[in-house]
> 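Quick one: structure below, then a few questions.
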Amino acid sequence: MKLAKTYEPNAYEPNIYAMWETSGQFAPQGEGEPYSIVMPPPNANGNLHTGHALTVQLEDILARFHRMKGRDVVYIPGADHAGFETWVVYEKELSRQGKNRFDFSREQLYSQVWNFVEQQRGNMELQLRALGVSASWEHLVFTLDEKVIKTVYGTFKKLWDEGLIYRGERIVNYSTKYQTSYADIEVDHKTEKGTLWKIAYPTLDHIGEIIIATTRPETLLGDTAIAVHPDDERYKHLIGTRVLLPIVEREIPIIADEYVDPTFGTGAVKITPAHDPNDFEVGQRHDLERIQVIDFDGTMINVPSQFLGLDVPTARKRVLAALQAGELLRGEETIEHSVGYDYKSGEPIQPLIKDQWFLNVRPLAERAKAAIEEGEITFSPASKKRALVQYYDNLKDWNLSRQIPWGIPIPMFQNVNDPDDWVFDERVDEKEIVVNGTTYRREEDTFDTWFSSGQWPFITTDYLDGGDLARFYPTSVLETGVDILYAWIARMVMLGLYATDTVPFRHVYLHGLILDEHGQKMSKSKGNVINPMEIVAEYGSDALRMGIIASRSAGQNQAFSTSKIVAGRNFCNKLWNIARYIQSRTGDDYQPQGVLRPITTADHWIIRQLNEAADAIEDHLTHYRFAEAAETVYHTVWNDVADWYVEVSKKQDNVQMLAWVLDTTLKLTHPFAPFVTETIWQTLDWHHNLLMTKQWPSDNPYDEIAAAAFERVQEFVSEARYVLAELPAGKKYSILYQNDGLIADNIDVLTHLTRVKEIRRVDQPVGLRLASSNREAWLDVDKDTLYEHQSNLEKRLAETRQQIANLNGRLSNESYIQKAPAHLVEETRKEVEQKEAYAKRLETELSVIED
RNA sequence: GGGCGCGUAGCUCAGUUGGCUAGAGCGCGUCAUUGACGUUGACGAGGUCGGGGAUUCGAGCUCCUCCGCGCCCACCA
């Protein structure tokens, strides 16, 4: 006996992984049709969460399966510098040291963060190994690798040369806490209750006042106009006149603009071009001055001295107080409105004006949309195709600039004498460069990380350079969380098509969020985060894999379930013990023999079951039905192999078949439980190589008549067990049979499976007939037990008669006969015949008892 | 304002193009057990598939409507 009684995953997993990795088999082998998956790169200095675990385990199932199907597989791992996220962590570190970003140059900060990341790098990669991913480590790409930057610059230059990049002063989403701008998609809009204040502005050319409504009174200090709708009768006469801006006492005009909704608030809007996107546009149309009153650090500037330097909430209070004092407040109401927050920190976002680099997305979005509509990429769940198309329809220009040092520098330089003169240059390590005698100064901003990760598939495969992995582009499938459909998938499709003229992947599989056990979103603040490494430590990597994909469907948020992990662990143990048993039968010196030789009906049956399972699993995986594939594995192994075949084998020896069944079972299970299957495989004397390199099982010949005969054995066993369970407990019964070949041929097996005392031939019917499976068999019960059982028989007879009536009802329906497919009608007829025969047997049996 | 999803067994959820008696894991009940496994085995109970209507020979699945949840997108001051 080579295997311990229970499977202890921790004792084997690290060694098995090392064996795989050193074998070189994770790398593509150069034979077969390419199959490729690029891993969404986890944060290089972070820890994996359950979402990562799900991602890589789904991907690894595909990678391992397709490798076994003979494809040339590459699964490319990655590590993300996670620009903003890492920066936030590092800035906290700086403030702990009593410093901030302004104490250092960009170069200094960059190298400091690099060291900071370097210290903790590798954690994540170890964790990926613990999850068993068969990734080609030699091809790992870090998002700040030279080749990444080179490709990103190439794409940027192409965009710049083709006029799709522009620099513009726009209202951007700005985090005053982190002092960087964001893309629209990084702003988390929350609908909340707020106060709408009504404020009177005294009119200068008429006696009176005009009342505006605002939720942000502090921005009043930067107002440069009041706007009304041109057709609004209430205000028509005031258009073109002036009002006095309260507190500041500046004269501003009343203008007319279609943008104003006369039904909202008072129908008059204060215009602050520097702090509201709509006002900005109004300001452009009317050539209004832009006065910035909130600085990039979130404090007030360009305002009367009593407000100078205040933060926004304080300024708001003071402004309201000043208005109150001036008796200019005309009431307030509570309204629901949308407020923007930083998606990461939850801090409020300020709309501020900033010069930024923008990508004109329209041409890219149109092309991506067309490709998706034409089905060049398929989606699981399919509904996301439409969602993505709609997203492209509404997409606005993309702000690529970030004011954080931890990222890829934007390779642009500005003429020191002409602010509008910019040149592209990759010498980003130099603060100033000279081009044609003119000095240019470096842009200090870095790229939005999605701009570089949006190019990930063709970067990692070296497609543009025609590198070794270029044949793997476009990749076969991209698996990630549904939450980054827009941020990442949408960008990859746009940039992939733009840079390579082909879609970056053929299929997108999106999983939903993993919620905690109670269906709540996991978050650090709630303290309900599940650490996948703890699950691996407690239950094993395979258990996590089986448990986490069970009953999980594409795109749906679903709760984490420990009971499913436990089920996964128990499954591994079951497999382990199947192996233990079979090894005890094969002995140590078993040698595999050439052609498979099924002898018993069970042999033929199990070949058929495993053939069918292999086909079903393949079909499920081809359609990305992971949970169903895993369920097929689970039940084939547990029910067919363990509960039936192994049990029968205890009475019908066929060592060659047992060894083959074990081999095949391990192969079918391997993508879903790689560690335990490989561990077992390595203990089998008749194998001298890795399970992960074996071919997926192909169909083996078997005899259908024999397989069907075994099914009749199963039916009989089931009935015997069912009836025996109803009989008084604690008593051993015997099965008696009369002239029944199936029973006569399987006496040992049947005795074992039904756990009866014995099975004996009789001449006369006696006792309780096992009528359901249509065998000439009886249980030797005494008269009292027999009468007790009578009511059960009657109940079953009544049920059967009801079923027959239902079926006959269907058959007597003319429309059913005419319209339903012929085979269904035929099946219904057959079913009626069977039920009637069964009812007849029950009746006979009852009449015997009554006699 | 626009869009998407969910509601199926006590719990967590599957259910592919409409077609045998609607499934799984866990939980629950009864029983069993020495040629692997108690992380076991056998048997069972438990569902008017959120309500109502429509289409169809046939609906958990299609359509309409209502109820209850959740999510995404969007610059309403």
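Order of the sequence lines sets the chain letters (A, B, ...), proteins ahead of strands, with each chain counted from 1.
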> Just how far, in rounded Å, is P of B:G2 from CD of A:Q390?
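After rounding, the gap between these two atoms is 12 Å.
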> What integer number of Å spans the P atoms of B:U40 and B:G25?
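Taking atom P in both B:U40 and B:G25, they lie 12 Å apart.
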> I'd like the C1' distance from B:G27 over to B:G47, given in whole Å.
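B:G47 and B:G27 have their C1' atoms separated by 16 Å.
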> Can you run down the salt bridge (Lys or Arg N to Asp or Glu O under 4.0 Å) pairs that involve residues 549-573 of chain A, sequence neighbours left out, and say none if there aren't any?
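Counting only pairs at least two positions apart or across chains, no salt bridge (Lys or Arg N to Asp or Glu O under 4.0 Å) contact touches residues 549-573 of chain A.
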> Rounding to a whole Å, what distance do you find between A:I484:CD1 and B:C73:P?
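That distance rounds to 13 Å.
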> Remember a base hit wins even if backbone is also touched, and classify A:A579 as base, sugar-phosphate or nothing at under 4.0 Å, heavy atoms.
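If one applies the 4.0 Å heavy-atom cut-off, A:A579 turns out to touch nothing in the nucleic acid.
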> Scan nucleotides 5-8 of chain B against the protein and return all N/O pairs shorter than 3.5 Å with their distances rounded to 0.1 Å.
{"from": "B:G5", "atom 1": "O2'", "to": "A:Q556", "atom 2": "OE1", "distance (Å)": "3.1"}
{"from": "B:G5", "atom 1": "O2'", "to": "A:Q556", "atom 2": "NE2", "distance (Å)": "3.4"}

> What is the nucleic acid contact for A:A627, judged by heavy atoms within less than 4.0 Å: base, sugar-phosphate only, or nothing?
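A:A627: no heavy atom of the nucleic acid under 4.0 Å.
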> What contact category does A:Y486 fall into here, base, sugar-phosphate, or nothing, at under 4.0 angstrom with non-hydrogen atoms?
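If one applies the 4.0 Å heavy-atom cut-off, A:Y486 turns out to touch the sugar-phosphate alone, with no base involved.
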> A:D615: which residues meet the side-chain contact (heavy atoms from CB on, under 4.5 Å) condition with it, sequence neighbours left out?
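Listed in chain order: A:D699.
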> Could you write out RNA chain B as a dot-bracket string, with dots for unpaired bases, | for bases paired across to another strand, and Watson-Crick or G-U pairs counted at under 3.5 Å?
(((((((..((((.....[...)))).(((((.......))))).....(((((..]....))))))))))))....
> Could you give the distance from CG (A:D619) to CZ (A:R625), rounded to the nearest 0.5 Å?
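Reported to 0.5 Å precision, the distance equals 5.0 Å.
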> Look at all strands and tell whether A:A550 reaches a base, only sugar-phosphate, or nothing, counting heavy atoms closer than 4.0 Å.
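Counting heavy atoms under 4.0 Å across all strands, no contact is made by A:A550.
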> Rounding to the closest angstrom, what is the interatomic distance between B:G18 and B:C63 at atom P?
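To the nearest whole Å, 11 Å.
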> Using a heavy-atom distance cut-off of less than 4.0 Å, which residues of residues 540-549 of chain A contact RNA chain B?
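Nucleic-acid contacts, sorted: none.
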> What residues form a ring-ring contact (aromatic ring centres under 6.0 Å, His included) with A:Y634, not counting sequence neighbours?
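So A:Y634 forms a ring-ring contact (aromatic ring centres under 6.0 Å, His included) with A:F571, A:W638.
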> With a non-hydrogen cut-off below 4.0 angstrom, is A:E647 in contact with a base, only sugar-phosphate, or nothing?
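Since a base atom lies under 4.0 Å of A:E647, the category is base.
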> For B:U21, does OP1 or OP2 lie under 4.0 Å from any side-chain N or O of A:R810?
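Yes, within the criterion.
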> Using a cut-off of 4.0 Å on non-hydrogen atoms, how would the nucleic acid contact of A:V482 be classed: base, sugar-phosphate, or nothing?
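The answer is nothing, as A:V482 stays clear of every strand by at least 4.0 Å.
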> Taking atom C1' in both B:A24 and B:U62, compute the distance separating them and give it to the nearest angstrom.
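One C1' to the other, the span is 26 Å.
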> Roughly how many Å apart are B:G5 and B:C61, using the C1' atom of each and rounding to a whole number?
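The answer is 16 Å between these two C1' atoms.
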> Want to settle it: does A:I185 or A:E8 sit nearer the 5' end of RNA chain B, counting the closest nucleotide to each?
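Residue closer to the 5' terminus by nearest nucleotide: A:E8.
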> Round to the nearest Å and state the distance from A:L485 atom CG to B:G3 atom P.
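Checked: the CG to P distance equals 18 Å.
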> Any salt bridge (Lys or Arg N to Asp or Glu O under 4.0 Å) involving residues 801-817 of chain A? Give me the pairs, sequence neighbours left out, ordered by first then second residue.
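Qualifying pairs: A:R801-A:E843.
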> Tell me the interatomic distance from A:R625, atom CZ, to B:G23, atom P, rounded to whole angstroms.
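Rounded to the whole Å, the gap is 18 Å.
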> Look at all strands and tell whether A:Y259 reaches a base, only sugar-phosphate, or nothing, counting heavy atoms closer than 4.0 Å.
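Result for A:Y259 = base.
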> In whole Å, what is the span from the CG atom of A:N557 to the C1' atom of B:C13?
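Taking atom C1' of B:C13 as the reference, CG of A:N557 is at 13 Å.
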> To the nearest angstrom, how far is A:N570 atom CG from B:U39 atom P?
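Going from CG in A:N570 over to P in B:U39 covers 8 Å.
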> Nearest whole angstrom, please: distance from the P of B:G3 to the CG of A:L388.
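For the pair A:L388 CG and B:G3 P, the rounded distance is 18 Å.
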> Once ring-ring contact (aromatic ring centres under 6.0 Å, His included) is applied, do any residues pair with A:Y174, and if so which ones, sequence neighbours excluded?
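Here the qualifying residues are A:F296.
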> Can I get a per-line list of side-chain donor-acceptor pairs under 3.5 Å for residues 266-276 of chain A, giving both atom names and the distance, sequence neighbours left out?
{"from": "A:T266", "atom 1": "OG1", "to": "A:I211", "atom 2": "O", "distance (Å)": "2.5"}
{"from": "A:T266", "atom 1": "OG1", "to": "A:A268", "atom 2": "N", "distance (Å)": "3.3"}
{"from": "A:T266", "atom 1": "OG1", "to": "A:A268", "atom 2": "O", "distance (Å)": "3.4"}
{"from": "A:K270", "atom 1": "NZ", "to": "A:T219", "atom 2": "OG1", "distance (Å)": "2.6"}
{"from": "A:K270", "atom 1": "NZ", "to": "A:D223", "atom 2": "OD1", "distance (Å)": "2.9"}
{"from": "A:K270", "atom 1": "NZ", "to": "A:T272", "atom 2": "OG1", "distance (Å)": "2.9"}
{"from": "A:T272", "atom 1": "OG1", "to": "A:D223", "atom 2": "OD1", "distance (Å)": "2.7"}
{"from": "A:H275", "atom 1": "NE2", "to": "A:V293", "atom 2": "N", "distance (Å)": "2.9"}
{"from": "A:H275", "atom 1": "NE2", "to": "A:I294", "atom 2": "N", "distance (Å)": "3.2"}
{"from": "A:D276", "atom 1": "OD1", "to": "A:N278", "atom 2": "N", "distance (Å)": "2.8"}
{"from": "A:D276", "atom 1": "OD1", "to": "A:D279", "atom 2": "N", "distance (Å)": "3.0"}

> Just the atom pairs and distances: protein N or O near nucleotides 41-44 of chain B's N or O, under 3.5 Å.
{"from": "B:G41", "atom 1": "OP1", "to": "A:K574", "atom 2": "NZ", "distance (Å)": "3.3"}
{"from": "B:G41", "atom 1": "OP1", "to": "A:W638", "atom 2": "NE1", "distance (Å)": "2.1"}
{"from": "B:A42", "atom 1": "OP1", "to": "A:D643", "atom 2": "OD2", "distance (Å)": "3.3"}

> Which heavy atom of A:T586 sits nearest to which heavy atom of A:A659, and what is that distance?
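Minimum heavy-atom contact is CG2-CB, 4.2 Å.
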> Taking only residues two or more places apart in sequence or in another chain, which ones pass side chain to side chain donor-acceptor pair (under 3.5 Å) with A:E517?
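So A:E517 forms a side chain to side chain donor-acceptor pair (under 3.5 Å) with A:T562.
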> Considering only the P atoms, how many Å lie between B:G53 and B:C26, rounded to the nearest integer?
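To the nearest whole Å, 38 Å.
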> Considering every strand and a 4.0 Å limit on heavy-atom distances, what is the contact class for A:N813: base, sugar-phosphate, or nothing?
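If one applies the 4.0 Å heavy-atom cut-off, A:N813 turns out to touch the sugar-phosphate alone, with no base involved.
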> Is A:H518 near enough to B:C11 that one of its side-chain N or O atoms lies under 4.0 angstrom from OP1 or OP2?
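Checking A:H518 against B:C11: no side-chain N or O falls below 4.0 Å of OP1 or OP2.
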> Phosphate oxygens OP1/OP2 of B:A14: is one of them under 4.0 Å from a side-chain N or O of A:S553?
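Yes, such a contact exists.
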> Give one of base, sugar-phosphate or nothing for A:K731, where a contact means two heavy atoms less than 4.0 Å apart.
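No contact.
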> Under 4.0 angstrom, heavy atoms only, what part of the nucleic acid is A:Q558 near: base, sugar-phosphate, or nothing?
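Here A:Q558 touches the backbone only, sparing every base.
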> Does atom NZ (A:K731) have a neighbourhood of more than 12 heavy atoms from anything else shown, all under 6.0 Å?
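Enclosed.
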> Where the side chain of A:S551 is concerned, which of B:G19, B:A14, B:C4 is the nearest nucleotide?
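My answer, after comparing the listed nucleotides, is B:A14.
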> For A:T562, which contact category applies under a 4.0 Å heavy-atom criterion: base, sugar-phosphate, or nothing?
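Nothing, no nucleic acid heavy atom in range.
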> Using the ring-ring contact (aromatic ring centres under 6.0 Å, His included) criterion, which residues pair with A:H507? Sequence neighbours excluded.
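Result, ring-ring contact (aromatic ring centres under 6.0 Å, His included) vs A:H507: A:Y624.
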> Atom CG of A:L724 to atom P of B:A32: distance rounded to whole Å?
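It is 12 Å, rounded to the nearest whole Å.
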> If you draw the axis of the six-membered ring of A:W197, does the NZ or CZ of A:R316 fall within 45° of it and under 6.0 Å from the ring centre?
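The answer is no, since A:R316 fails at least one limit relative to A:W197.
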> Is A:H620 close enough to B:U16 that one of its side-chain N or O atoms is under 4.0 Å from OP1 or OP2 there?
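No, outside the criterion.
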> Please round to the nearest 0.5 Å and tell me the distance separating atom CD of A:Q520 and atom CG of A:N528.
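Between A:Q520 CD and A:N528 CG, I get 7.5 Å after rounding to 0.5 Å.
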> Provide the distance between the two C1' atoms, one in B:G50 and one in B:C6, to the nearest whole Å.
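Approximately 11 Å lies between the C1' atom of B:G50 and that of B:C6.
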> Considering only atom P, compute the distance from B:U55 to B:G70 and round it to an integer number of Å.
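Result for the P pair: 35 Å, nearest Å.
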> Do you know which of A:I349, A:I171, A:V172 makes side-chain contact (heavy atoms from CB on, under 4.5 Å) with A:S181?
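Considering A:I349, A:I171, A:V172, a side-chain contact (heavy atoms from CB on, under 4.5 Å) with A:S181 is found only for A:V172.
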